[in-house]
S.K.: 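Okay, here's the structure, questions in a sec.
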Amino acid sequence: MRPWQHYWGGYRRINQLLGAKKVIDAVGELGGHIKNERQARPLLRLVKEPEKLKQAVAIALKDNPDPSVSDFAAAAQKVVPQLPRKRQSIQEPLVPKIQEPVVPQKAIVTVSQQSHPRYGDEGTIEADAPNRWQQIVTFADGERLLLNNTDLDASSVPFPRERNYPPEYTEAIAALKEQHQQELERLSQELRIGLQAEAGAKAEAQVIEQIQSLQNLYKQQKELNIQLQQRLDEMEGLRKLEIENQQLQQRIQELEHAVEQRPSQEWGNTMTQQATKALNKQVKQALEKTIDLRSLAQEPPKENAQECLRLMGMALKNLASAMNNTQALEAAAIILGSEPTPSAIAYRAEQLEMLPQAVSDIRRVLSQRGCTWQEFWAVAQEYEVIKSDYLAELTTQETDLITALQNASSQPDRIGIGSIVAHADPYRTLYVAKGEVIQDLGDEVIVAWDHWQNESKKTDRYFRDELRFWQPQ
């Protein structure tokens, strides 16, 4: 086969495949019955008329469910008959006839192609050549083979090595080769671009998957680091507690050793030097947080004696805790007014710490103009546990005012002079306003509203059933 025939065959094959694709795309759903390009070849002339093309395919399927090439050709001929073309006598340029040498009968030849199994064997050419580039060779054992002229060696027979063509044919063949080569390069380029795009998409998907896996791994590692850090913190806390425990254990051993150094008969109310130093240090630290008891013993407090007594009780409590002295603990309990136990004294001390704030808040609410029992009780109920303590701190006038407010709250509701009122109609704006009754006119009263103080009209006249006692929102 000559090289130009190879290129021409490939180009023709591509055109056949493209034509078959056009037919299948044009026929639509019926394209599944066209199996190969040979079946599509007789239908290619109907591509520009899709309706007739579909009609031809339908006729072919009606005659044969599995139509062949001839069935499609017959159907196309029925739909659009094709008249035989008349041949026009055109004077073509005469091609010079190539004189081929006639091979004499029984010419002896030798196989000169080394790759051939019959390399070196002689044979005779007894039959006519089927074409210009091959010969039928008969060997001595009777075997007949079709061999290329290029594989034979016969010096007496000039075999034509390659066919010669006129210049116009040579140019046409070269153009076809070039066109075929360009088509092959285009298809190769499209295939390469498609493969590159597919490879890029796969690579991108792999990168995204790797990024997600790395993010998940990072989250897991972060959670593990947090757990490890928490565990390290716990271990550090345990280590500190262990060190403190060891220090306390060592301190206990030192105290026990100091006690054992004194004979039992000499241990009355005395202490060793080391124990005395340890207790004195603790007592000194406790006294630094309290008041100076010696100054209170020399001179009585000039004011706020109750606070001083409370501080003395707390000081005795600290001394009792530092020296483990029962008598000091009992004295602190008597002064603070609680049971002689460390927990009861501590609870009582916490209560008395609220006393200054309680007295300040209660005096503030009592000093307000038009104070009511509800306003006082809103503050006093927070300090109900130390009621007796803050009452002892108040003056006689303040306690009398509290009693009067309580008695007034228990009496039947009657609006009079000094009553803090609001309007009884919930649809009036004065329903949420605050006012004070300043004059009693019998069935009616005059009210001075707080939000009218900066206006020209400061009071108004109402019946008692039009008003209600004001309640804080």
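Keep in mind that what you see is a predicted model, and the values were worked out from it rather than measured.
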S.K.: Grab the two heavy atoms, one from Val57 and one from Leu43, that are nearest each other, plus how far apart they are.
M.R.: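 Taking Val57 first and Leu43 second, the nearest heavy atoms are CG2-CD1, 3.9 Å.
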
S.K.: Are Arg186 and Glu190 close enough for a salt bridge, meaning some N to O gap below 4.0 Å?
M.R.: yes

S.K.: Evaluate side-chain hydrogen bond (donor to acceptor under 3.5 Å, both in side chains) for Glu178 paired with Gln182, printing each intermediate quantity in order.
M.R.: CA-CA 6 Å; Glu178 181 67 22; Gln182 292 177 359; 3.2 Å; yes

S.K.: Tell me, please, whether Tyr390 has Arg363 positioned over its six-membered ring: NZ or CZ under 6.0 Å from the ring centre and within 45 degrees of its axis?
M.R.: no

S.K.: To the nearest 0.5 Å, what is the distance between CD on Glu466 and CG on Asp460?
M.R.: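 So the CD of Glu466 and the CG of Asp460 are separated by 9.0 Å.
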
S.K.: Can you name the nearest heavy-atom pair linking Trp470 to Lys434, along with the distance?
M.R.: NE1-CB, 3.8 Å

S.K.: Which distance, rounded to the nearest 0.5 Å, do you find between the CZ of Arg144 and the OG1 of Thr124?
M.R.: 9.0 Å

S.K.: Is the backbone of Gln210 close enough, under 3.5 Å, to the side chain of Ser213 for a donor and an acceptor to pair up by distance?
M.R.: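 Such a contact is found between Ser213 side chain and Gln210 backbone.
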
S.K.: Given Val109 and Leu147, is the side-chain contact (heavy atoms from CB on, under 4.5 Å) satisfied, shown in steps?
M.R.: CA-CA 11 Å; Val109 294; Leu147 300 177; over 6 Å; no

S.K.: Within the distance-only criterion (no hydrogens, no angle test), does the side chain of Asn225 pair as donor or acceptor with the backbone N or O of Gln221 below 3.5 angstrom?
M.R.: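 Checking the backbone N and O of Gln221 against the side chain of Asn225, a donor-acceptor pair under 3.5 Å is found.
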
S.K.: Drop me the distance from Glu398's CD to Ile402's CD1, to the nearest 0.5 angstrom.
M.R.: 7.0 Å

S.K.: Under the criterion side-chain hydrogen bond (donor to acceptor under 3.5 Å, both in side chains), which of Gln135, Gln113, Gln134 is the partner of Asn148?
M.R.: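 Among the candidates, only Gln134 passes.
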
S.K.: If you define the side chain from C-beta out and look only at heavy atoms, does anything of Phe139 sit under 4.5 Å from Val111?
M.R.: yes

S.K.: Is it true that a side-chain atom of Arg461 and a backbone atom of Ile446 form a donor plus acceptor pair closer than 3.5 Å?
M.R.: no

S.K.: Quick one: do Arg369 and Asp450 make a salt bridge, cutoff under 4.0 Å?
M.R.: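 Between Asp450 and Arg369 there is no salt bridge, as every charged N stays at least 4.0 Å from the carboxylate O atoms.
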
S.K.: What class does the angle between the rings of Trp452 and Trp449 fall in, given that below 30° is parallel, 30 to 60° is tilted and above 60° is perpendicular?
M.R.: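 Trp452 and Trp449: perpendicular rings.
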
S.K.: Decide yes or no for Leu145 and His116: does some side-chain heavy atom of the first lie under 4.5 Å from some side-chain heavy atom of the second?
M.R.: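 A side-chain contact under 4.5 Å exists here.
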
S.K.: Working to the nearest 0.5 Å, report the span between CG of Leu241 and CD of Glu236.
M.R.: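 The distance works out to 10.5 Å.
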
S.K.: Tell me whether Arg428 is salt-bridged to Asp425, with the criterion being a basic N under 4.0 Å from an acidic carboxylate O.
M.R.: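 So Arg428 does not pair with Asp425 through a salt bridge.
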
S.K.: Which pair of non-hydrogen atoms, one from Glu444 and one from Phe463, has the smallest distance, and what is that distance?
M.R.: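 Between these two residues, the closest heavy atoms are OE2-CZ, 3.0 Å.
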
S.K.: A side-chain contact here means heavy atoms from C-beta on lying under 4.5 Å apart; do Tyr383 and Asp361 qualify?
M.R.: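 Contact flag for Tyr383/Asp361 side chains = yes.
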
S.K.: Would the number of heavy atoms belonging to other residues, nucleotides or ligands and lying under 6.0 Å from CD of Glu209 be above 12?
M.R.: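 Not buried by this count: 12 neighbours or fewer within 6.0 Å.
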
S.K.: Enter the distance from Asp440:CG to Ile415:CD1 here, rounded to the nearest 0.5 Å.
M.R.: 10.5 Å

S.K.: For a quick test of reading the model, state the closest non-hydrogen atom pair linking Cys371 to Val365 and the distance between them.
M.R.: SG-O, 3.3 Å

S.K.: Do the side chains of Gln196 and Arg192 get nearer than 4.5 Å, heavy atoms only?
M.R.: yes

S.K.: Quick check: do Gln439 and Thr459 have side-chain heavy atoms less than 4.5 Å from each other?
M.R.: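 Gln439 does not reach Thr459 side chain to side chain.
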
S.K.: Counting neighbours of CD on Glu204 that are heavy atoms of other residues, nucleotides or ligands and sit closer than 6.0 Å, is the number greater than 12?
M.R.: no

S.K.: For the CG atom of Leu191 and the CG atom of Leu184, what is their distance to the nearest 0.5 Å?
M.R.: 12.0 Å

S.K.: side-chain hydrogen bond (donor to acceptor under 3.5 Å, both in side chains) between Gln229 and Asp233: does it pass, once the steps are laid out?
M.R.: CA-CA 6 Å; Gln229 186 63 39; Asp233 294 341; 3.3 Å; yes

S.K.: Between the side chain of Asp25 and the main-chain N/O of Lys22, is any donor-acceptor distance below 3.5 Å?
M.R.: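 No; judged by distance alone, with no hydrogens or angles, the pair does not exist.
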
S.K.: Do the side chains of Glu198 and Lys202 get close enough for a salt bridge, i.e. N-O under 4.0 angstrom?
M.R.: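 Answer for the salt bridge query: yes.
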
S.K.: Please examine the side chains of Phe72 and Ile34, heavy atoms only from C-beta on, and report whether any two atoms are closer than 4.5 Å.
M.R.: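 Sidechains of Phe72 and Ile34: in contact.
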
S.K.: Quick one: does Leu214's side chain get under 4.5 Å of Tyr218's, heavy atoms only?
M.R.: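 Sidechains of Tyr218 and Leu214: no contact.
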
S.K.: Check whether any side-chain heavy atom of Arg41 sits under 4.5 Å from a side-chain heavy atom of Val69, and report yes or no.
M.R.: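 Arg41 does not reach Val69 side chain to side chain.
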
S.K.: So that I can tick it off, tell me whether Glu242 and Arg239 are bridged by a salt bridge, with the cut-off set at under 4.0 angstrom between side-chain N and carboxylate O.
M.R.: no

S.K.: What verdict does the side-chain contact (heavy atoms from CB on, under 4.5 Å) test give for Val385 and Met354, after you've listed the backbone C-alpha separation in whole Å, the side-chain angles of each residue and the deciding distance to 0.1 Å?
M.R.: CA-CA 10 Å; Val385 292; Met354 299 187 299; 4.2 Å; yes

S.K.: Do you know which two heavy atoms are closest between His451 and Ala433, and how far apart they sit?
M.R.: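 What the structure gives for the nearest pair is CE1-CB, 3.5 Å.
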
S.K.: Applying side-chain contact (heavy atoms from CB on, under 4.5 Å) to Lys177 and Gln181, what does each step give before you reach the verdict?
M.R.: CA-CA 6 Å; Lys177 286 182 180 180; Gln181 184 65 26; over 6 Å; no

S.K.: Looking at Ala76 and Arg45, what are the two nearest heavy atoms and their distance?
M.R.: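 Scanning both residues completely, I find the closest heavy atoms to be O-NH2, 3.2 Å.
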
S.K.: For Asp443, does the CG atom have more than 12 heavy-atom neighbours from other residues, nucleotides or ligands under 6.0 Å away?
M.R.: no

